[in-house]
**Student:** 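What follows is a single structure, and I will ask about it in a moment.
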Amino acid sequence: MTDFSQLYYYQRDDQSDEPNPVTADLCIYGGTPAGVAAAIQGRRMGLRVVIAEFSRNIGGITASGLGATDFGRKSAIGGIAREFYMKLGAMYDPQDGDGTSWHFAPSVAQNIFNEWLAQEDVPVYFEQHLASVESVSGKISAMTMENGQVFKARMFIDASYEGDLMARAGVSYTVGREGNSKYGETRNGIQFGSPYHMFNTRIDPYMIEGKPDSGLLSGIADIEPGVQGQGDHSIQAYNFRICLTDVPGNRVAFPEPPGYDPQQFELLSRYIRSGIWDAMRLHVRMPNGKTDLNNFGAVSTDYIGANHAWPDADYATREKLFQDHVRYNLGMLYFLANDDSVPAHVREEVGQWGLPADEFTDTANWPHQLYIREARRMVAEEVMTELHCRGLRVAEDSIGLASYMMDSHNCRRLVINGACVNEGDVEIKIEAPYPVSYRAIVPKGEQCQNLLVPVCLSASHIAYGSIRMEPVFMVLGQAAATAAAIALEEDRAVQDIEYGQLRECLLKDGQVL
């Protein structure tokens with residue numbers, strides 16, 4: 001049976017010896033694509049750079065199944081991010097006339113990131129679980145890990161998906177959805193009425209159909225619906241971006257995950273039996289017989305509502321939530337391929353797919369990174385909002401462009417008038433790429449003067465839903481490292497560097513502003 005002990009997101013390091021402190025000019029917490037881009041840029045600008053990565057892998061979700069790149073306008077992506085997609089184009093048949101490729105296998109992305117870091121001589125320390133941050137006179141001086149490892153630097157970048165360094169450094173942040181009234185928005189807060197990823201027929205939510213006192217099916221919350229546009233603490237759903245294959249010689253049948261309970265998928269079963277089978281429709285082909293499976297429809301891979309504790313949770317709680325998501329996502333595939341309640345034609349279709357034997361070989365062919373679509377978001381002097389996305393407000397200190405639609409996956413699944421309802425989906429196209437403000441990746445000066453935050457940047461929930469794409473994170477990571485190098489050279493706080501100088505450097509390095 002598959003060894004799922006290898007899937008743990010969090011495990012304690014048994015290291016007992018006092019490790020030697022690691023010193024650098026620039027310390028990056030998080031080996032996400034943003035962290036990798038920041039490290040490469042830092043080295044190119046002559047800095048001593050080190051990465052402290054929580055997990056055992058580099059590359060974040062880009063190297064863990066998200067092979068069908070969400071990009072908006074490709075022309076808006078420059079710098080190291082474009083170098084990455086050019087490198088993919090050289091390895092695959094280019095999909096565009098400019099030599100880029102935007103569909104790829106996870107292992108290929110991870111290999112590129114690892115090769116780049118090795119070429120630039122960037123040390124990467126894995127399984128570094130942040131415990132505390134030491135600050136002196138408004139600047140981080142060191143961060144200490146649970147295993148005792150200490151990282152000292154003159155400049156820090158938090159490139160993690162959760163913003164753990166930012167939070168431990170005492171920087172202001174928020175979690176959840178602001179009400180529309182806070183920033184003069186229209187698509188923030190509670191959102192009913194989306195035409196996408198909703199129930200297309202009435203599905204009874206109760207354990208015994210028609211009997212509310214029998215309790216709710218798994219995955220449905222007993223909560224008040226709230227009012228359209230009202231703020232709350234919900235965040236958009238997480239899932240795994242699952243790499244599958246239908247190549248017989250490379251296909252591993254879906255194993256039954258530990259703790260599997262077919263009753264967890266009764267809602268999905270009812271939906272299929274109602275005549276709607278779409279849970280695997282967003283299943284994008286990759287080269288060499290592989291795919292990127294994402295959420296589609298009312299009941300699919302998004303584990304709606306199960307992630308709300310993640311952003312501020314301790315590592316043990318995140319471990320439990322991670323395993324819950326493994327159980328749900330892998331369990332869904334196992335259920336669809338094997339359960340007798342599933343129509344034969346669905347079981348036959350799903351049974352043609354399996355996990356690729358040549359991907360994620362250290363984690364039983366299962367993706368190692370959960371898709372953290374949204375966690376903490378910094379609150380800085382400048383907050384990116386829907387007004388920026390719509391071009392009604394323009395950042396004059398651009399460090400890169402975002403161009404994806406305003407996008408939020410569903411945040412809650414509840415009952416209204418005796419039927420299942422999904423809430424929170426937003427998919428609103430924007431007219432043109434828009435600038436992301438430098439001030440949105442810099443904390444307030446009184447809080448920290450040597451930290452940049454390119455992933456959990458300062459943005460409202462719905463603006464973050466547009467900005468949060470992996471190519472944009474790479475763009476912002478490169479900009480953060482550029483700003484860090486300028487600040488170090490001039491012995492200034494990151495808030496006090498001259499934007500004109502930053503802009504000149506970014507343009508020279510191929511960024512699109």
**Student:** Answer with yes or no whether the side chains of D302 and H409 bring together a donor and an acceptor at under 3.5 Å.
**Tutor:** yes
**Student:** Do NZ/NE/NH1/NH2 and the carboxylate oxygens of R377 and E178 come within less than 4.0 Å?
**Tutor:** yes
**Student:** Measure from the ring center of F265 to the ring center of Y328 and say whether it is less than 6.0 Å.
**Tutor:** yes
**Student:** Can you confirm whether more than 12 heavy atoms, excluding those of D222, are under 6.0 Å from its CG atom?
**Tutor:** no
**Student:** Is the backbone of L457 close enough, under 3.5 Å, to the side chain of Y464 for a donor and an acceptor to pair up by distance?
**Tutor:** no
**Student:** Ring centres under 6.0 Å, that's the criterion: do Y271 and F199 meet it?
**Tutor:** yes
**Student:** With distance as the sole criterion, is a donor-acceptor pair present between the side chains of Q323 and E319 under 3.5 Å?
**Tutor:** yes
**Student:** Any side-chain donor paired with an acceptor under 3.5 Å for N307 and R373?
**Tutor:** no
**Student:** I'd like to know whether M280 forms a side chain to side chain contact (heavy atoms under 4.5 Å, CB included) with L293, so could you lay out the CA-CA distance, the side-chain angles of the two residues, the decisive distance to 0.1 Å, and finally the verdict.
**Tutor:** CA-CA 7 Å; M280 291 179 64; L293 175 65; 4.1 Å; yes
**Student:** Does any donor atom in the side chain of T201 or S274 lie under 3.5 Å from an acceptor atom in the other side chain?
**Tutor:** no
**Student:** When you measure from the side chain of S214 to the backbone N and O of I208, does any donor-acceptor pair fall under 3.5 Å?
**Tutor:** yes
**Student:** Side chains of S341 and D339: any donor to acceptor distance under 3.5 Å?
**Tutor:** yes
**Student:** Looking at every heavy atom in both C411 and S234, which two are closest together, and how far apart are they?
**Tutor:** CB-CB, 3.8 Å
**Student:** Looking only at atom types and distance, does a side-chain atom of N422 sit under 3.5 Å from a main-chain N or O of N410, one as donor and one as acceptor?
**Tutor:** no
**Student:** Show the nearest heavy-atom pair for residues G35 and I51, with the distance to one decimal.
**Tutor:** O-CD1, 4.0 Å
**Student:** Under 3.5 Å, is there a donor-acceptor pair linking the side chains of E53 and S55?
**Tutor:** yes
**Student:** Where is the tightest heavy-atom contact between N295 and L282, given as atom of each residue plus distance?
**Tutor:** O-CD2, 3.3 Å
**Student:** Would you indicate whether E209, at its atom CD, is surrounded by more than 12 heavy atoms from other residues, nucleotides or ligands within a distance under 6.0 Å?
**Tutor:** yes
**Student:** Tell me the closest heavy-atom pair linking A39 and V122, and the distance in Å.
**Tutor:** CB-CG1, 4.0 Å
**Student:** Closest approach of I428 and M405, non-hydrogen atoms and distance?
**Tutor:** O-CB, 3.1 Å
**Student:** Using a strict cut-off of less than 4.0 Å between a Lys/Arg side-chain nitrogen and an Asp/Glu carboxylate oxygen, indicate whether K320 and D324 qualify as a salt bridge.
**Tutor:** yes
**Student:** Salt-bridged, D358 to K290, with N to O below 4.0 Å?
**Tutor:** yes
**Student:** Whether D312 and R376 form a salt bridge (side-chain N of Lys/Arg under 4.0 Å from carboxylate O of Asp/Glu) is what I want to check.
**Tutor:** yes
**Student:** Salt bridge check, R468 against D407: does any charged N sit closer than 4.0 Å to a carboxylate O?
**Tutor:** yes
**Student:** Would D70 and R241 pass as an ion pair if we require N to O under 4.0 Å?
**Tutor:** yes
**Student:** Could you check whether any side-chain heavy atom of K182 comes within less than 4.5 Å of a side-chain heavy atom of N188, counting everything from C-beta outward?
**Tutor:** no
**Student:** Quick one: are F360 and S64 in side-chain contact, heavy atoms under 4.5 Å?
**Tutor:** yes
**Student:** If you measure only the distance, is there a donor-acceptor pair under 3.5 Å linking the side chains of N239 and N329?
**Tutor:** no
**Student:** Give the minimum heavy-atom separation between A34 and F473, together with the two atoms involved.
**Tutor:** CB-O, 3.2 Å
**Student:** Does R187 come within less than 4.0 Å of E427, counting only side-chain N to carboxylate O?
**Tutor:** no
**Student:** Have Q110 and N57 got a donor and an acceptor in their side chains that come within less than 3.5 Å?
**Tutor:** yes
**Student:** A side-chain contact here means heavy atoms from C-beta on lying under 4.5 Å apart; do M378 and P443 qualify?
**Tutor:** yes
**Student:** Using atom types as modelled and distance alone, determine if a side-chain donor or acceptor of S300 lies under 3.5 Å from a backbone N or O of A279.
**Tutor:** yes
**Student:** Hey, mind stepping through E266 and R273 against salt bridge (charged side-chain N to carboxylate O under 4.0 Å, His left out) and telling me if it holds?
**Tutor:** CA-CA 10 Å; E266 174 59 22; R273 294 198 304 268; 3.1 Å; yes
**Student:** What do the steps show when you test Q191 against D425 for side chain to side chain contact (heavy atoms under 4.5 Å, CB included), and what is the final call?
**Tutor:** CA-CA 7 Å; Q191 293 289 313; D425 184 87; over 6 Å; no
**Student:** Going by ring-ring contact (aromatic ring centres under 6.0 Å, His included), F71 matches just one of Y85, F84, W102. Which one?
**Tutor:** W102
**Student:** Evaluate R251 against L355 for side chain to side chain contact (heavy atoms under 4.5 Å, CB included), listing each step before the verdict.
**Tutor:** CA-CA 6 Å; R251 182 179 61 203; L355 305 178; over 6 Å; no
**Student:** With salt bridge (charged side-chain N to carboxylate O under 4.0 Å, His left out) as the test, would you mind laying out the steps for D246 and R285 before giving the verdict?
**Tutor:** CA-CA 10 Å; D246 60 356; R285 284 277 184 178; 2.7 Å; yes
**Student:** Is a donor on one side and an acceptor on the other found under 3.5 Å between the side chain of E359 and the backbone of N365?
**Tutor:** no
**Student:** With distance as the sole criterion, is a donor-acceptor pair present between the side chains of S172 and Q447 under 3.5 Å?
**Tutor:** yes
**Student:** So Y260 and R327, do their side chains get closer than 4.5 Å, heavy atoms only?
**Tutor:** no
**Student:** Please assess M332 against L268 for the test side chain to side chain contact (heavy atoms under 4.5 Å, CB included), listing each intermediate value before the final yes or no.
**Tutor:** CA-CA 9 Å; M332 186 194 84; L268 174 58; 3.7 Å; yes
**Student:** Only one of L452, I467, V455, V453 forms a side chain to side chain contact (heavy atoms under 4.5 Å, CB included) with L476, so which one is it?
**Tutor:** I467
**Student:** Between W366 and F240, does the ring centroid distance fall short of 6.0 Å?
**Tutor:** yes
**Student:** If we ignore hydrogens and angles and just use 3.5 Å, is the side chain of Y238 paired with the main-chain N or O of E374 as donor and acceptor?
**Tutor:** yes
**Student:** Heavy-atom distance under 4.5 Å between the side chains of T317 and W310, does that happen here?
**Tutor:** no
**Student:** Quick one: are F104 and Y92 in side-chain contact, heavy atoms under 4.5 Å?
**Tutor:** yes
**Student:** Between S466 and Y404 (side chain of the first, backbone of the second, donor and acceptor by atom type, cut-off under 3.5 Å), is there such a pair?
**Tutor:** yes
**Student:** As an exercise, state the distance from CD1 of I272 to CZ of R270, rounded to the nearest 0.5 Å.
**Tutor:** 13.0 Å
**Student:** Using only heavy-atom distances, determine whether the side chains of H283 and T291 contain a donor-acceptor pair under 3.5 Å.
**Tutor:** yes
**Student:** State whether the side chain of Q369 and the backbone N or O of A63 hold a donor-acceptor pair below 3.5 Å, judged by distance alone.
**Tutor:** no
**Student:** For the side chain of S194 and the backbone of Y196, is there at least one donor-acceptor N/O pair under 3.5 Å apart?
**Tutor:** yes
**Student:** Please determine whether a side-chain nitrogen of the Lys or Arg among R177 and E423 lies less than 4.0 Å from a carboxylate oxygen of the Asp or Glu.
**Tutor:** yes
**Student:** Does any N or O in the side chain of S408 come within less than 3.5 Å of the main-chain N or O of G424, such that one atom is a donor and the other an acceptor?
**Tutor:** yes
**Student:** Could you give me the CA-CA distance, side-chain angles and deciding distance for F151 and Y125, then say whether ring-ring contact (aromatic ring centres under 6.0 Å, His included) is met?
**Tutor:** CA-CA 10 Å; F151 294 86; Y125 291 77; 5.4 Å; yes
**Student:** Classify the ring geometry between H129 and F54 as parallel (under 30°), tilted (30 to 60°) or perpendicular (over 60°).
**Tutor:** tilted
**Student:** Could you tell me whether the side chain of M91 reaches within less than 4.5 Å of the side chain of V108, counting heavy atoms only?
**Tutor:** yes
**Student:** I'd like to check N338 versus R347 (side-chain heavy atoms, cut-off strictly below 4.5 Å). Are they in contact?
**Tutor:** no
